[in-house]
Amino acid sequence: MIHLLIADQHTLMRSGMRRLLSDESDLTVVAEAGRIEQVLATIRLGKVDVLLMDVNLPGMDSVEATRRILRMNDEMKIVVLGGYASGPYPVHLFKVGIAGYLTKASSGEEMIACIRK
């Protein structure tokens, strides 16, 4: 079972991702967060295998957030959801340790495949 934390500032996005993932028997959403502080608190409390994190999550720059999260749990995989497929920002995120980057235009099947990989 893969335990997921969905982190997006928009409730509608979190709800949509949760609903999409609910049909997958090997994936379970253990928590949602709307700010980076909530992400950090959730990681401290329990088991999260994969973090789906909005690139613009309030509370901290996503590069610094990635560094902190991976210092707390270096086995966790972080998949960042952003608006742009190219440019320097995704490259910076990969350099600090994210496992995957998807644009918000990606399909649900692509997101699920990325989580499993």
Side-chain angles (χ1 to χ4, degrees):
M1 182 67 69
I2 299 172
H3 299 91
L4 303 161
L5 168 56
I6 298 172
D8 194 294
Q9 65 181 321
H10 300 102
T11 304
L12 186 59
M13 285 296 296
R14 293 192 313 266
S15 297
M17 285 189 278
R18 179 183 281 271
R19 180 174 225 162
L20 179 70
L21 296 166
S22 68
D23 291 335
E24 305 303 315
S25 62
D26 61 330
L27 307 176
T28 185
V29 177
V30 296
E32 295 180 16
R35 299 187 53 80
I36 193 62
E37 296 86 2
Q38 295 169 314
V39 170
L40 298 173
T42 301
I43 292 168
R44 281 186 205 103
L45 291 176
K47 182 167 172 48
V48 176
D49 301 310
V50 177
L51 166 61
L52 297 173
M53 182 173 73
D54 179 19
V55 72
N56 293 316
L57 195 63
M60 188 180 302
D61 171 83
S62 57
V63 171
E64 181 57 29
T66 298
R67 284 187 184 116
R68 285 194 190 186
I69 291 164
L70 292 176
R71 277 195 302 261
M72 293 171 66
N73 181 344
D74 63 352
E75 294 181 12
M76 181 182 307
K77 304 301 180 201
I78 301 172
V79 177
V80 174
L81 305 169
Y84 303 101
S86 62
Y89 208 61
V91 173
H92 293 303
L93 288 164
F94 276 109
K95 285 181 180 178
V96 295
I98 67 167
Y101 184 93
L102 295 169
T103 66
K104 290 190 177 181
S106 298
S107 70
E109 291 81 17
E110 290 172 305
M111 181 178 71
I112 291 167
C114 184
I115 291 167
R116 288 182 175 137
K117 188 174 180 182

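- Taking each heavy atom of Lys104 and Asp54 in turn, the nearest pair found is NZ-OD1, 3.2 Å.
- Counting heavy atoms from C-beta outward, Val48 and Val30 have side chains that approach closer than 4.5 Å.
- From Asp49, atom CG reaches atom CE of Met1 across 10.0 Å, with rounding to the nearest 0.5 Å.
- Salt bridge status for Arg71 with Glu64: present, with a side-chain N to carboxylate O gap under 4.0 Å.
- By the 4.5 Å heavy-atom criterion applied to side chains, Val55 and Leu93 are counted as neighbours.
- Tracing side-chain contacts under 4.5 Å through hydrophobic residues (I, L, V, M, F, W, Y), one reaches Leu57 starting from Val96; they form part of the same cluster.
- How far OG1 of Thr42 is from CD of Glu37: 11.5 Å, rounded to the nearest 0.5 Å.
- For the pair Gly34 and Pro58, the tightest heavy-atom approach, listed with the atom from each and the gap, is O-CD, 3.5 Å.
- Exactly one residue among Thr66, Leu81, Ile98, Ile6 makes a side-chain contact (heavy atoms from CB on, under 4.5 Å) with Met53. That residue is Thr66.
- There is a path of hydrophobic side-chain contacts, each under 4.5 Å, that joins Val80 to Phe94.
- Residues Arg116 and Asp26 are paired through a salt bridge, judged by an N-O separation under 4.0 Å between the basic side chain and the carboxylate.
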* To do: Please test Leu5 against Val50 for side-chain contact (heavy atoms from CB on, under 4.5 Å), starting from the C-alpha separation and ending with a verdict.
  => CA-CA 6 Å; Leu5 168 56; Val50 177; over 6 Å; no
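- Smallest separation of non-hydrogen atoms from Tyr101 and Pro90: CZ-CG, 3.7 Å.
- At least one donor-acceptor pair under 3.5 Å links the side chain of Glu110 to the backbone N or O of Ser107.
- In terms of heavy-atom proximity, Ala33 sits nearest to Arg14 at O-CD, 3.3 Å.
- For the pair Ile112 and Glu24, the minimum side-chain heavy-atom distance is below 4.5 Å.
- Between the CG atom of Asp8 and the CZ atom of Arg18 there is a distance of 13.0 Å, given to the nearest 0.5 Å.
- No side-chain heavy atom of Val39 sits less than 4.5 Å from a side-chain heavy atom of Arg35.
- Between the CD atom in Glu32 and the CE atom in Met13 there is a gap of 11.5 Å [rounded to 0.5 Å].
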* Given side-chain contact (heavy atoms from CB on, under 4.5 Å), test Tyr89 with Ser62 step by step and report yes or no. => CA-CA 10 Å; Tyr89 208 61; Ser62 57; 2.7 Å; yes
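- Without hydrogens or angle criteria, Ser22 side chain to Arg19 main chain gives a donor-acceptor distance under 3.5 Å.
- When hydrophobic clusters are built by joining Ile, Leu, Val, Met, Phe, Trp and Tyr residues whose side-chain heavy atoms come closer than 4.5 Å, directly or via intermediates, Leu4 is not grouped with Met72.
- The two residues Gly100 and Cys114 come nearest to each other via the heavy atoms CA-SG, 4.3 Å.
- Scanning for side chain to side chain donor-acceptor pair (under 3.5 Å) contacts around Gln38 gives an empty result, with sequence neighbours left out.
- A single hydrophobic cluster is not seen to contain both Met76 and Met111; linkage of ILVMFWY side chains at heavy-atom distances under 4.5 Å, directly or through other members, places them apart.
- Contact record, Ile36 with Ala65: CD1-CB, 3.6 Å, taken as the closest heavy-atom pair.
- Contact annotation: the side chain of Gln9 approaches that of Asn56 to within less than 4.5 Å [non-hydrogen atoms, C-beta and beyond].
- Heavy-atom contacts from other residues, nucleotides or ligands closer than 6.0 Å to CG of Leu45 number more than 12.
- Side-chain contact between Thr28 and Ile2 is absent, with no heavy-atom pair separated by less than 4.5 Å.
- The same ILVMFWY cluster, assembled from side-chain heavy atoms under 4.5 Å apart, contains both Met60 and Ile43.
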